[in-house]
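Let me begin by presenting the structure, written as structure tokens, before commenting on it.
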Amino acid sequence: MSDDKLIDAAIAVRNNAYAPYSRFLVGAALHDADGRLFVGCNTENAAYPQGICAEGGAISAMVAAGGRRIADLVICGGGDRACAPCGGCRQKIREFGTPDLRIRMVGPEGDVLLVRTLADLLPDAFGPEDLDAA
């Protein structure tokens, strides 16, 4: 356990991941603009790769609760290499995060392996304001 509740939540939910095909467990935890905590884990199915990524699960939980802005995000993968969000998840994060959103990627013991802003991960991103939907 760390002294960071968001990191602890990402580690804990990673243990609930359903990944019988890849065996690659991922957990994500986020705070919304109101400080509420939401989590998600990757969920695979036999029609691989039609699963759900951890980040998408956490974002869906936030949206279902009425949240519309990600304030902080932690992604927990396995091993000593940072688990960066896939391209699709980067776009999902962009829908609800600002370019300066800090994204921390941690290992299963809570060690911070990489910190990037959303702008670092998805430069020149296409977002809601490009459709005048902001």
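No experiment lies behind these values; they were computed from the predicted model shown. By convention here, the first residue in the shown sequence is residue 1.
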*D111, CG: over 12 other non-hydrogen atoms inside 6.0 angstrom*: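 Enclosed.
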_Is it the case that atom CZ in R36 sees more than 12 heavy atoms from other parts of the structure closer than 6.0 Å?_
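More than 12 heavy atoms, drawn from other residues, nucleotides or ligands, come within 6.0 Å of this atom.
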State whether the side chain of [X] and the backbone N or O of [Y] hold a donor-acceptor pair below 3.5 Å, judged by distance alone.
X    : Y    : result
D72  : H31  : no
Q91  : F126 : yes
R102 : T117 : no
N42  : G51  : no
N45  : Q50  : yes
R14  : G77  : yes

Spacing of [X] atom [atom1] and [Y] atom [atom2] [to the nearest 0.5 Å]:
X    : Y    : atom1 : atom2 : result
R69  : L101 : CZ    : CG    : 9.0 Å
D32  : L73  : CG    : CG    : 12.5 Å
L121 : R90  : CG    : CZ    : 4.5 Å
E44  : R23  : CD    : CZ    : 9.0 Å
D34  : M62  : CG    : CE    : 10.5 Å
I103 : L30  : CD1   : CG    : 10.5 Å

If you take all heavy atoms of [X] and [Y], which pair is closest and at what distance?
X    : Y    : result
V26  : C83  : CG2-SG, 3.9 Å
P108 : I11  : O-CG2, 3.6 Å
V39  : A61  : O-CB, 4.2 Å
G97  : L118 : O-CD2, 3.7 Å
I7   : G110 : CG2-CA, 3.8 Å
C89  : C53  : SG-CB, 3.3 Å

*For residues I93 and I59, determine if any side-chain heavy atom of one lies less than 4.5 Å from a side-chain heavy atom of the other.*
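Yes, side chains in contact.
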Hey, quick one: are [X] and [Y] part of the same hydrophobic cluster, counting side-chain heavy atoms closer than 4.5 Å, chains of contacts allowed?
X    : Y    : value
M105 : L25  : no
V74  : V115 : yes
Y18  : V13  : no

*Hey, which of L6, I75, D8, V112 is the one that makes side chain to side chain contact (heavy atoms under 4.5 Å, CB included) with V106?*
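Among the candidates, only V112 passes.
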*Does a side-chain N-to-carboxylate-O contact under 4.0 Å join R94 and E55?*
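Not counted as a salt bridge, because no side-chain N and carboxylate O are separated by less than 4.0 Å.
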